[in-house]
Colleague: 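First, the structure itself, so that you have it in front of you.
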Amino acid sequence: MRRISIFGATGSIGVNTVDLLERQGGAKAFDVVALTGGRNIDRLAAQARALRADLAVTCYPDCYAALKEALAGSGIEVAAGPEALVAAADRPADWIMSAIVGVAGLQPGLRALEHGTTLALANKESLVTAGPLLLGQAARKGARVLPVDSEHSAVFQALVGEDIAAVEKITITASGGAFRDWPLERLATATVKQASTHPNWDMGQRITIDSASMFNKALEVIETKEYFGIDAQAIDVLVHPESLVHALVSFRDGAVMAHMGQPDMRHAIGYALNWPDRQDLPVPRLDLAQIGQLRFSAPDPARYPALRLACEVMRLGGLAGAAFNGAKERALDSFIAGEIGFLQMAEVVEAVLDRLSGESGLINVEINLDNVTEVDHLARRCATEMITAVRIKR
Ligand code: NDP
Ligand code: MG
C-alpha cells in the first residue's frame, strides 16, 4: 500500500486531500503515516481516526494535551511542536502533501525530499522563498515535486510530452479577487471580512486575502519561474473572472494549450495523487454552452501593485523571494489584526524590499535553510518597524 502523509491536514487543501483519500478507499487503500495540523485539534483527531494514521502532530506544543486526549484509546501516536513536525517528515512515506500555510511549510518539505519522497506541493511559499534549494534537493535525491497550485498543475498538465524549450510564454490566470470591480478609491476601506470572501474559490483565509490583493498571484508568478525554470519576461498574468481557464502555455509555433476546469482544488490535488495516471474525481464538470462567455483582461497595475513587486523580486533573485514572502506574511498578520489597512500591505512589503535590496546578504548568497530563515526573520522585523510607522501615520 502507498504510504501517505499530509502536512497541514486540517486546512482547506488538507481537508480536500483527506476527502479524496477517503473516496479512493481510505485506510483500506492507503497506509497513512502522519497527519499534521495546528489548533484544529478535533478535526485532526477525527481525520487520524478515520484514516487510521500512525501519528498525529500539532505544530503547537500547548495543544499537545488536547490532541492526546482526543486520540486516547486509538493507538495513534501523538506529538507536538515544530521539531515534531519536521521529525514526522522523517517517517518513511511514498507521497507527502505539503499544505501548511506560509514559510513554516518549507522545512518539512525539504526533509521529505531528503528521503526521496514524492512531494505534492501546495505550499507555494517553499518555492518562492527557497526554490533552488527545494528543487536542488529533489534533483539530488531523485525525488519528484508535483505542483498542486491549480495554475501550476494546469501548466504541468499542458506540458506533458512537450519540451520546455519550445515554450514561448506561460500565462496564469487570476480571478481578480474580492475587489475586482470596486472603484480604486474604495480599496483603502476594505475590511478583513470583505477580503476573506473569494468570488470563485473556497480556500483558507490567508490565501483568500492574498487573492484580493493579488499577493497570491505575485507569489504564483515567482512560483512559475522557479518550478518551470523559465524567464520572468516569459510569464504573464491575465484577469479572468470566471476562473475556468487556469493557465495557458504558448509554444514557439503559435499554438496555445489552455487548461480548463471548474474551480475545485480536488482536481489539482487528485492529479498529483494519481499522477501519472488519471482517476475519476468528484469535481463538477464544465458545461461551456451553458457558461457561454469567458472574459480576459490585463491586470491594472494601479490596482495590483503586488504584481510589480513580484517582477522586482525576480529581477533581484537570491533571497529576495524570502524577504518578499516574510514581509508579506507579517503585513498580512497585521491587516488581519486590524493594525493596517488593505492597501498598506503592499506599501509595507515594498518598503521592506527597498530597504533590504541594498543589503549584501540578500543577493549573491547561497540559498540554504539558515540563510532563508535569517532573511525571513529580518524581513519580518523590518516589516514590523514599517507597520509601526504606518500606524503612527494613521
Ligand atoms: P489553511 O489556512 O486552510 O490551512 C493551513 C494548514 O496549516 C492547517 O492545517 C493549519 O493548522 C496549518 N498551520 C498553520 N500555521 C502553521 C504553522 N506555523 N506550522 C505548521 N502548521 C501550520 O491553508 P490552505 O489550505 O488554504 O493553504 C495551504 C497552502 O496551500 C498555502 O501555501 C496556500 O498558498 C496553498 N494553496 C492553497 C489553495 C487553496 O485552495 N486553499 C490553492 C492553492 C495553493 P490549523 O488550521 O489546525 O491551525
Ligand atoms: Mg493558485
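All ligand and atom numbering here is 1-based and tracks the order in the structure. Side chains are part of it too, since the values below use all heavy atoms of this structure and drop only hydrogens, waters and symmetry mates.
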Colleague: Specify the protein heavy atom at minimum distance from atom 33 (C) of ligand 1: its residue, its atom name, and the distance to 0.1 Å.
Modeller: Ile207 CD1, 3.9 Å
Colleague: How close does the nearest protein non-hydrogen atom get to atom 28 (C) of ligand 1, and which residue and atom is it?
Modeller: Ala99 O, 3.3 Å
Colleague: At under 4.0 Å between heavy atoms, is it the side chain or the backbone of Cys59 that contacts ligand 1, or both, or neither?
Modeller: side chain
Colleague: Tell me the contacting part of Ala122 for ligand 1: side chain, backbone, both, or neither, using a 4.0 Å heavy-atom threshold, strictly below.
Modeller: both
Colleague: Which residues pass the salt bridge (Lys or Arg N to Asp or Glu O under 4.0 Å) test with Asp163, sequence neighbours left out?
Modeller: none
Colleague: Among all protein heavy atoms, pick out the one at the shortest distance from atom 15 (N) of ligand 1; state its residue, atom name and that distance to 0.1 Å.
Modeller: Tyr60 OH, 3.9 Å
Colleague: Under 4.0 Å, heavy atoms only, figure out whether ligand 1 is touched by the backbone of Glu125, its side chain, both or neither.
Modeller: side chain
Colleague: Mind checking how many protein N/O/S atoms fall short of 2.8 Å from the Mg ion (ligand 2)?
Modeller: 3
Colleague: Do Gln205 and Ser196 meet the criterion of a side-chain donor-acceptor pair at a distance under 3.5 Å?
Modeller: yes
Colleague: I need the full list of salt bridge (Lys or Arg N to Asp or Glu O under 4.0 Å) pairs touching residues 1-16, with sequence neighbours left out, sorted by first then second residue.
Modeller: Arg3-Asp94
Colleague: Check ligand 1 against Met203 and write out every atom of the ligand that is under 4.0 Å from a heavy-atom position of the residue.
Modeller: 39 (C), 40 (O), 41 (N)
Colleague: Looking at Thr17 and Ile13, would you say the former's side chain and the latter's main chain have a donor-acceptor pair under 3.5 Å?
Modeller: yes
Colleague: Between Met265 and ligand 1, which residue portion shows a heavy-atom distance shorter than 4.0 Å: side chain, backbone, both, or neither?
Modeller: side chain
Colleague: Is the distance between the ring centroids of Phe179 and Tyr304 under 6.0 Å?
Modeller: no
Colleague: Grab the two heavy atoms, one from Ser153 and one from Pro147, that are nearest each other, plus how far apart they are.
Modeller: CB-O, 3.8 Å
Colleague: Is a side-chain donor-acceptor pair under 3.5 Å present for Arg23 with Gln279?
Modeller: no
Colleague: With only distance considered, is Asn216 within less than 3.5 Å of ligand 1 through an N or O on each side?
Modeller: no
Colleague: State if Gly14 counts as touching ligand 1 under the rule of any non-hydrogen atom under 4.0 Å.
Modeller: no
Colleague: With a 6.0 Å cut-off on the ring centroids, do Trp201 and His267 count as close?
Modeller: no
Colleague: Should one rank Gly204, Gly81, Ser211, Gly38 by closest heavy-atom distance to atom 26 (O) of ligand 1, which comes out on top?
Modeller: Gly204
Colleague: Within the 3.5 Å criterion, strictly below it, is a donor on His246 or Thr173 matched to an acceptor on the partner's side chain?
Modeller: no
Colleague: Ignoring angles and geometry beyond distance, decide whether Arg39 reaches within less than 3.5 Å of ligand 1 through its nitrogen or oxygen atoms.
Modeller: yes
Colleague: Taking the basic N atoms (NZ, or NE/NH1/NH2) and the acidic carboxylate oxygens, is any pair closer than 4.0 Å for Arg206 and Glu125?
Modeller: no
Colleague: Which salt bridge (Lys or Arg N to Asp or Glu O under 4.0 Å) pairs, counting each pair once, include a residue from residues 246-264, with sequence neighbours left out?
Modeller: Asp264-Arg266
Colleague: By number and element, which atoms of ligand 1 are closer than 4.0 Å to a non-hydrogen atom of Asn123?
Modeller: 32 (O)
Colleague: State whether Asp210 and Lys328 are salt-bridged, where the test is any N-O pair (Lys NZ or Arg NE/NH1/NH2 against Asp/Glu carboxylate O) under 4.0 Å.
Modeller: yes
Colleague: Does the side chain of Thr10 come under 3.5 Å of the side chain of Asn40 through a donor N or O and an acceptor N or O?
Modeller: no
Colleague: Ignoring hydrogens and angles, state whether a donor on the side chain of Ser175 or Arg180 is under 3.5 Å from an acceptor on the partner side chain.
Modeller: no
Colleague: Looking only at protein heavy atoms, which one is nearest to atom 29 (C) of ligand 1, and what is the separation?
Modeller: Ile100 O, 3.6 Å
Colleague: Pick, from Ser12, Pro82, Gly11, the option with the minimum heavy-atom distance to atom 41 (N) of ligand 1.
Modeller: Ser12
Colleague: Which residue and atom name correspond to the protein heavy atom nearest atom 43 (C) of ligand 1, and how close is it?
Modeller: Asp149 OD1, 3.1 Å
Colleague: Using the salt bridge (charged side-chain N to carboxylate O under 4.0 Å, His left out) rule, take Arg186 and Asp181 through it: C-alpha gap first, then chi angles, then the decisive distance, then the call.
Modeller: CA-CA 10 Å; Arg186 208 180 142 203; Asp181 301 322; over 6 Å; no
Colleague: Just to confirm my output: which protein heavy-atom neighbour is closest to atom 18 (N) of ligand 1, and how far is it?
Modeller: Ala104 CB, 3.6 Å
Colleague: Has the side chain of Asn123 got a donor or acceptor atom that lies under 3.5 Å from a matching backbone atom of Gly102?
Modeller: yes
Colleague: Nearest protein heavy atom to atom 14 (C) of ligand 1, by residue and atom, and its distance?
Modeller: Val101 CG1, 3.9 Å
Colleague: Return the residue, atom name and 0.1 Å-rounded distance of the protein heavy atom closest to atom 27 (O) of ligand 1.
Modeller: Ile13 CG1, 4.2 Å
Colleague: Side chain or backbone of Thr10 under 4.0 Å from ligand 1, or both, or neither, by non-hydrogen atoms?
Modeller: both
